[in-house]
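A short worksheet on the structure shown next.
When a ligand or atom number is given, it counts from 1 through the structure's own listing order.
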Amino acid sequence: MNSRIPGFYTRDRSERLSTVADRRDLDADAVDALDADGEVGETVDGLSENVVGSITYPLSVATNFVVDGEDVLVPMAVEESSVVAAASKGALLARSTGGFTTDTDGPYMIGQVQVADVADPTAARLRVLERAEEIAAVANDQGVLVSHGGGCEDVTARVVDTPAGQTVVVHLLVDVRDAMGANAVNTMCEAIAPVVADATGGRVSLRVLSNLADCRLARARCRVDPDALVDSGDDSEEASGIDGETVRDRIVEAWAFAAGDPYRAATHNKGIMNAVDALAVATCNDWRALEAGAHAYAAREGYGPLTTYEVGDDGDLICSIELPVQVGTVGGATAVHSAGRAAMDVLGVEGADEFASVLAALGLAENLASLRALVDEGIQSGHMKLHAENVARQAGAPAGLVEEVAARMVAGEDIRESRARELVEELG
Ligand code: NAD
C-alpha cells in the first residue's frame, strides 16, 4: 500500500473516497459507511482538507440544568457512554438548591508576538510598552472586532527565558465579544508585527493566539444537601446503603486526592472535559482549544483539579469550578454547520459569556456526579449496562431482546459476545 497520492486534495470528495477504497481494498459497506451525501457532504468538504466522508456522533440532550436561575437544555455530542447521564444527574443534584451560579471574566483572549534576536531584551520590552497605544491602534485598524464592540484593550510585553535564549513576547489582550476569537486575534498579531519589529529591533517570529486563556475564566458553583447524595439504586441494582454525610465527606476526600496527586487529577479533569468537549462538539466549537486551555490552567501551580469541594456551615457539599473557556456563538465552524447552529438553538444562550457560564456549570455537574458514583457504587455498574447492550447488539440480538440479554449478562457477570449469542438463542 502506497500512501503517496499526488494531487489527492485536488480531487473531488467521491474520487478521494474511491481512491482510498482502492488502496485499502474497502468493501461496499465500508465505503457506504464513510460516504456523506447532500448537505452534510457539502458542509464537511468545506471544513477540512482531503475530506472523503463524514462520521456520525450521537447528539444527546442533558436535562435538569438551571444556570443563573434559567432552565437550560444542553446538547452534547459524545461517543462515550454515561457522560450525558452523569451531566444530567449532577444537574439534578444541584437543582433542588437553585442550580448553578456562575460568573465570567469576559471574552478576553491573548495574542502573542514573539521577537527573537533582540540585543537588549529588557529595554526592548520597555520600548514596546511606550508604544502600546500605537500597537493597539494598529491591531484595531483590522476592524474585525471593533465593529462589534470589541478590540484590543491592552498591550503588555515579557522577556521569556527559553532553551534558545531570551525572547521578547508581546501580548495583545483582545476583547473578542461573541467569537471564539482565534482567527480575529491571529489577524491582529500579524498586523502589529512591523511595529513590534521596529520597537524591539529584533526579528518577529511567531504571531498567534495563546490558548492559555487565563483572562477568559468561567466559574460555576452549586451546593448539595447530603441527603440528596444518597444512592437510591435503580431497577438494576440495590442502593449502596451509604449515608449522605459519608458520601459528602468521601467526595471531599476524592477531590483532595486529585489535589495531591497529578495521576488522579488528570483523570478528574478528563471527566470534566468529557462534558465540556461534548457541548463544544455539538455546537462545532473548537474543543482542542478548550482542552489546551483547561489543562494548561490546571498546571499553573503544579497540575491539579479544576473543581473544588468543601463542606459548608450547614453541612451542604459546596462545589465549585474555575477554568478558561474559549468558545463562540458566532463565526468558526458553527457559522457553516447547520447541525451545529441547530444545537446552538437548543442551548439558547445569548452570546459567548452566557455560553461560557453553561460550559462551566456542565463541567461541574459532570464531575459532581462522577465523584458521587466513584465514592459510592463505583462507575462500572452504569458503564457495564451500556457496554453489555452494545455487546448484545454486536451478537445480533434483535432490538426487543437487547435489554434483557444485557441485563442477564450483567447479573451473571459474564459480558461476552458468545454468551450474548447463547442468551439470544435461549430467549428468542
Ligand atoms: P471567525 O474567523 O469566524 O471570526 C469571527 C467573525 O465573526 C468575525 O469576522 C467577526 O467580525 C464576526 N462577528 C459577527 N458578530 C460578532 C460578535 N458579536 N462578536 C464577535 N465577532 C462577531 O472566528 P474566530 O472566532 O476568530 O476563530 C475561531 C476559529 O479559529 C475556530 O474555528 C478555531 O478552530 C480556529 N482556530 C483556532 C486556533 C487555536 O485555537 N489555536 C488557531 C487558529 C484557528
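Between the side chain of D178 and the main chain of G351, no donor-acceptor pair closer than 3.5 Å is present.
Closest of all the heavy-atom pairs between P107 and R216 is CA-NE, 3.5 Å. Taking all atoms of both residues into account, the shortest heavy-atom contact from L47 to A333 is CD2-CB, 3.8 Å. V128 and A157 get closest at one heavy-atom pair: CG1-CB, 4.0 Å.
Residue L145 places no N or O, backbone or side chain, under 3.5 Å from any N or O of ligand 1. For a threshold of 3.5 Å applied to N or O pairs, the pair formed by G331 and ligand 1 contains no separation below that value. Close N/O approach between V330 and ligand 1 is not found [any backbone or side-chain N/O within under 3.5 Å]. Between N183 and ligand 1, a contact under 3.5 Å exists for at least one N or O pair. For ligand 1, the polar-atom distance check against N186 finds no nitrogen or oxygen pair separated by under 3.5 Å. In terms of polar-atom proximity, L209 is not counted as a contact of ligand 1, lacking any N or O under 3.5 Å from an N or O of the ligand.
Ion pairing between R219 and D105 holds under the 4.0 Å rule for side-chain N and carboxylate O.
Atom CG of L371 is separated from atom OG1 of T307 by 6.5 Å, given to the nearest 0.5 angstrom. A distance of 10.5 Å separates CE in M76 from CG in L59, rounded to the nearest 0.5 Å.
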Which donor-acceptor pairs under 3.5 Å do side chains of residues 109-118 form with protein atoms, sequence neighbours excluded?
unit_1, atom_1, unit_2, atom_2, d
Q112, NE2, H171, NE2, 3.0
Q114, NE2, T167, OG1, 3.3
D117, OD2, R203, NE, 2.9
D117, OD2, R203, NH2, 3.4

Atom pairs and distances, donor-acceptor, side-chain atoms in residues 192-200, under 3.5 Å, two or more places apart:
unit_1, atom_1, unit_2, atom_2, d
D198, OD2, R131, NH1, 2.9
D198, OD2, R131, NH2, 3.1
T200, OG1, V196, O, 2.7
T200, OG1, A197, O, 3.4
T200, OG1, G202, N, 3.3

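Within the structure, the closest approach of A335 to ligand 1 does not fall below 4.0 Å when heavy atoms are considered.
Shortest contact from atom 25 (O) of ligand 1 to any protein heavy atom: G181 N, 2.6 Å. Here the heavy atom of the protein found nearest to atom 34 (O) of ligand 1 is D286 OD2, 2.7 Å. At the shortest separation from atom 32 (O) of ligand 1 among protein heavy atoms lies G332 CA, 3.7 Å. For atom 28 (C) of ligand 1, the nearest protein heavy atom (residue, atom name, distance) is M180 SD, 3.8 Å. In this structure, the protein non-hydrogen atom closest to atom 18 (N) of ligand 1 is D178 OD2, 3.3 Å.
Side-chain contact check for D154 and Y108: no donor-acceptor pair (N or O, by modelled atom type) lies under 3.5 Å.
The ligand atoms of ligand 1 that sit less than 4.0 angstrom from a heavy atom of V176 are 19 (N), 20 (C). Per-residue contacts place V144 under 4.0 angstrom from the following atoms of ligand 1 (heavy atoms of the residue considered): 10 (C), 11 (O). Short contacts between ligand 1 and A289, defined as distances under 4.0 Å to a heavy atom of the residue, involve ligand atoms 40 (O). Near N211, meaning under 4.0 Å from one of its heavy atoms, ligand 1 places the atoms 39 (C), 40 (O), 41 (N).
Atom 36 (N) of ligand 1 has its nearest heavy-atom neighbour, among G150, A184, A182, in A182. Atom 12 (C) of ligand 1 has its nearest heavy-atom neighbour, among Q142, M109, R177, H148, in H148.
Per-atom contact check: atom 4 (O) of ligand 1 does not touch the protein, criterion being a heavy-atom distance below 4.0 Å.
Taking the six-membered ring where the residue is Trp, Y303 and H295 present parallel rings, their angle staying beneath 30° rather than reaching 60°.
Here the side chains of E310 and W255 are not in contact, with every heavy-atom distance at 4.5 Å or above.
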